[in-house]
Structures are given as structure tokens and as C-alpha cells.
K.L.:
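Before we start, here is the structure in question, set down as C-alpha cells.
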There are 2 protein chains.
Amino acid sequence: MAGKVAERRAALRENLVLIAERTISKKGLSALRARDLAAEAGCAVGAIYNVFGDLTDLVLTVNARTFHRLGADVAEALADAPQDPVEQLVVMAQAYHRFAAENHLAWRALFDVERAPDEAAPDWYLKEMGRLFTYISDPLAVIFPGRAADEHALLTRALFSSVHGIVLLGLDQASSGVPTEDIDRMIALVLRQFVGAVK
Amino acid sequence: MAGKVAERRAALRENLVLIAERTISKKGLSALRARDLAAEAGCAVGAIYNVFGDLTDLVLTVNARTFHRLGADVAEALADAPQDPVEQLVVMAQAYHRFAAENHLAWRALFDVERAPDEAAPDWYLKEMGRLFTYISDPLAVIFPGRAADEHALLTRALFSSVHGIVLLGLDQASSGVPTEDIDRMIALVLRQFVGAVK
DNA sequence: ACCCTCAATTGAACGTAGTTCAGTGATAGG
DNA sequence: CCTATCACTGAACTACGTTCAATTGAGGGT
């Protein structure tokens, strides 16, 4: 029976990730507790630290999955979008909004993890980010042909950041009155106005 | 000697706020500790709770001051700005960026405080936010006259959120390569492009 | 000047986190 | 079947925010 240990470890790891994912999605990052986690997984608290270095490692694993789902949602929206590059941008941004709204706490956890100040961003983060940037970059190249590469990169980043800001502040004060439709309207307003300026 | 107690309380309060402000500015919100605070202020830990309900109350007081300084900086930039409404928007947004960069940890603390889920945003927050929105709203009314009031409000909020997003993501990864000049360029790019002044 | 009352102040103690590690028990190879 | 090894256990440790019984000292009455 070779690898019975590794098997159990892998199973525990998967289990912990699923439980953490559910806890974060339902009750938020701050509700994640080592003891609760162990109790739900039916293991000792110490076992968690055999699989993950610390709870932040576990959260980062959950975040990687969340980020991947986010990327897939945006990609799906893009696949179903019309050919018009402006509409593609709008559709993707609204897909981003929809994902953030429907997975609010998990989405928040993406940014609420505190990284060590000098620690580099994880690999998967940069990779998924690059993926999202490509989705934006391509339609932009159609809309604004002949821009310098560096300006094009800045434009891409700027648009992503703008949409992110609109969603972030819109959902933050969801209780104090920014309806979902208004967030979508703001996104469309900024994107259409942005590209319409040169049309 | 009437009010000697109240006097000491007020002095302690001021002292605690100043110490907390310095700690947050230098080491970040997460470095704020009740025991360190008491040691620095030369009082018992319990004394903090005679003046503030809890540490979050203290942080909110610091945040109110930070937000006020931010509003003043933006107002000053607006006062020195040219008449052109587009340039006014750019100048204000870059002032927002400069404040965030120069007071990074204090600025982050504005958003990193976790509020109770159902608790309303504090009064001073809404007031300062309204102040910032007015600064943006006025030039926008000149640039886009004759828009419906609700669309105008959405536009204002959308532009603020966009600039906030650009600054937030730009400063977050400052280590992994978004120079200050690029953030300013993105701000100018979005705002100028938005209002149709193609350069 | 003295004491007495009561509220402000103290800091040890409490509850709850994340994390560790010596003891225990199961595993895989001989 | 035995045993060296290593993963697992959970009590213990540290570090928080917060509380509260005990203490102190201020302000008024005599």
C-alpha cells in the first residue's frame, strides 16, 4: 500500500479547501477559524499545519480558485458577446460586476488577505491578472489602433482599475443605496463615453 | 477645581488620537495595539475604554481626520487649478493620488476598518464624501450640460470610483511595478479621453 | 483642615484567536 | 511479525481586545 499517507493528506487538503471556501463565501474571511475548520473537517488543529504553512496559505489557495472562476466567467461572457469591441468591453465588465455581486464575500477575500509587505504577489495571481488584461487589451487594440505599446498597456490597466473601482465602491455601500442596475449603468457610461469620445 | 476630570479625559483623548494617527501612518492599521497605545500614552489599557468604546472607535476618529485632510488637499488643488473644467478634474484626481501616495497607510486605513455589516456609514464619512462629489460634480456640469440629474449623479460617482480604482490598484502593487508617473498618466488618460479631449 | 462619598482609573484576569511541539499511534519496509 | 519512522493529536503558548473588582483621588460637606 504505497502512498496511503499522501492519499490522506491530499484528501484532507481538498476537504479543508472546500470547507474554507464555503465558510468564506457564506460568512466572510474574518469568520474563518482554525478550530472551527478542524472540527468541521474532523481533524486536529495541528493537522491543518501539516498541509498548509498557515491559514493565510489556505486562504490564498481558496483565492486562487475564486480568481480562476472569475476569469472563467469573464471569458464565458466574452465568448457570448457580439463582435463589436466596445460591447465586448461592456459585457466583460458587467460579468466582472456580476461575479463580484454573486460571490461578494469570496471576491472581497481576494483583496482582504494581508500579504507580508515585501512578499511578491503569488504566481497564479499574476497569471490570472494577465489573462484578464488580455481580454481587455484585445478589443482595445481594435478600438484604438496604432497606439504605442506602453500607452496601450496603461490604457488596459486603467480601464480594468476603473471598472474595479466602480464595482468595489458600488458594492461596499450596497446597503446605503447603489442598486445593481446603477453599477451596470456606471460601467456602461464610463466605457461607452470613453471610447465614444473618438468615434 | 471644576472639570479637572473632564480636562484630563480630553487631554488623554487627544493624546491617544495623535499616537494612533502616528502609528497607523508609520506602521499601518494592523500595527495598532491597545497595550502599545497605553504604554506610549502613559496610561492603563482600561483608560482607553473610558474615552473610546473600543479600538475601532479610535480608528474611526483618526480616519475622520485623515479624510478631512484629504478633502482639504483636493480643495486646495482645485483652488490653484486653471479654469478649464477638464483640467480641474485632472488636477483634483492627481491631488487625490498624491495624498494617497504620501499618506499611504493612513489612506488605506480609511477602507480597511471593518464595520459591522448592518451599521450605517458614519456621519462625517458621508459629509466628506459629499464634499468630494461636489468638487467633481461642478466641472462635470460645465462639461456635460443638460444631462438628467440622476445620470449626472451617476457620472460623478463613476468618475470618482474610477480614479479611486486606478490609485488603489496602482499603489497596491507599487513594488511590482506601477511608477507614480504611470498612475498620473492613467488618470489623465481616462479623464481626458472620457470628456473627449483627444490629445 | 478633615473626612466621606463616589466616580474615574488601574491592571490583572478573561475569552478567543493562531500557532507550536512533545507525546502517541499508525505505516511501510525488512 | 517487528520496528524505525513519520504523520497526527490536542494541550499549551503567545498575543490580541476587552472587562471588572479593587484602588485611588477629587470635590463637597462639616
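A, B, ... follow the sequence lines: proteins, then strands. Residue 1 opens every chain.
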K.L.:
Does the Lys NZ or Arg CZ of B:Arg147 fall within the cation-pi geometry relative to B:Phe144 - under 6.0 Å from the ring centre and within 45° of the axis?
P.N.:
yes
K.L.:
Of A:Thr56 and B:Ala44, whose closest DNA chain C nucleotide lies nearer the 5' terminus?
P.N.:
B:Ala44
K.L.:
Let me know the distance between CZ of B:Arg9 and P of D:dA26, rounded to the nearest Å.
P.N.:
16 Å
K.L.:
May I have the distance from A:Phe52 (atom CZ) to C:dT19 (atom C1'), rounded to whole angstrom?
P.N.:
16 Å
K.L.:
Give the rounded distance in Å between these two atoms: OH of B:Tyr49 and P of C:dA8.
P.N.:
18 Å
K.L.:
Taking only Lys NZ, Arg NE, NH1 and NH2, and the carboxylate oxygens of Asp or Glu, determine whether B:Glu102 and B:Arg98 approach each other closer than 4.0 Å.
P.N.:
yes
K.L.:
Please compare A:Leu12 and B:Gly53 by the position of their nearest nucleotide in DNA chain D and report the one closer to 5'.
P.N.:
A:Leu12
K.L.:
Using atom CG of B:Asp36 as one end and atom P of D:dT14 as the other, report the distance to the nearest whole Å.
P.N.:
17 Å
K.L.:
Measure CD1/B:Ile48 against P/C:dT9 and give the value in whole Å, please.
P.N.:
13 Å
K.L.:
Expressed as a whole number of angstroms, how long is the span from A:Arg35:CZ to C:dA17:P?
P.N.:
8 Å
K.L.:
Considering only side-chain heavy atoms of A:Arg8, which listed nucleotide, C:dT27, D:dC16, C:dA17, is closest?
P.N.:
C:dT27
K.L.:
Atom CG of B:Leu55 and atom C1' of D:dC16: how far apart are they, to the nearest Å?
P.N.:
10 Å
K.L.:
Closer than 4.0 Å, any side-chain N/O of A:Asn50 to the OP1 or OP2 of D:dC8?
P.N.:
yes
K.L.:
Nearest whole Å is fine: how far is C:dG18 P from A:Leu32 CG?
P.N.:
7 Å
K.L.:
In terms of ring plane angle, is the pair A:Trp124 and A:Phe67 parallel, tilted or perpendicular, where the classes change at 30° and 60°?
P.N.:
perpendicular
K.L.:
Quick check, are the ring centers of B:Phe111 and B:His164 under 6.0 angstrom apart?
P.N.:
yes
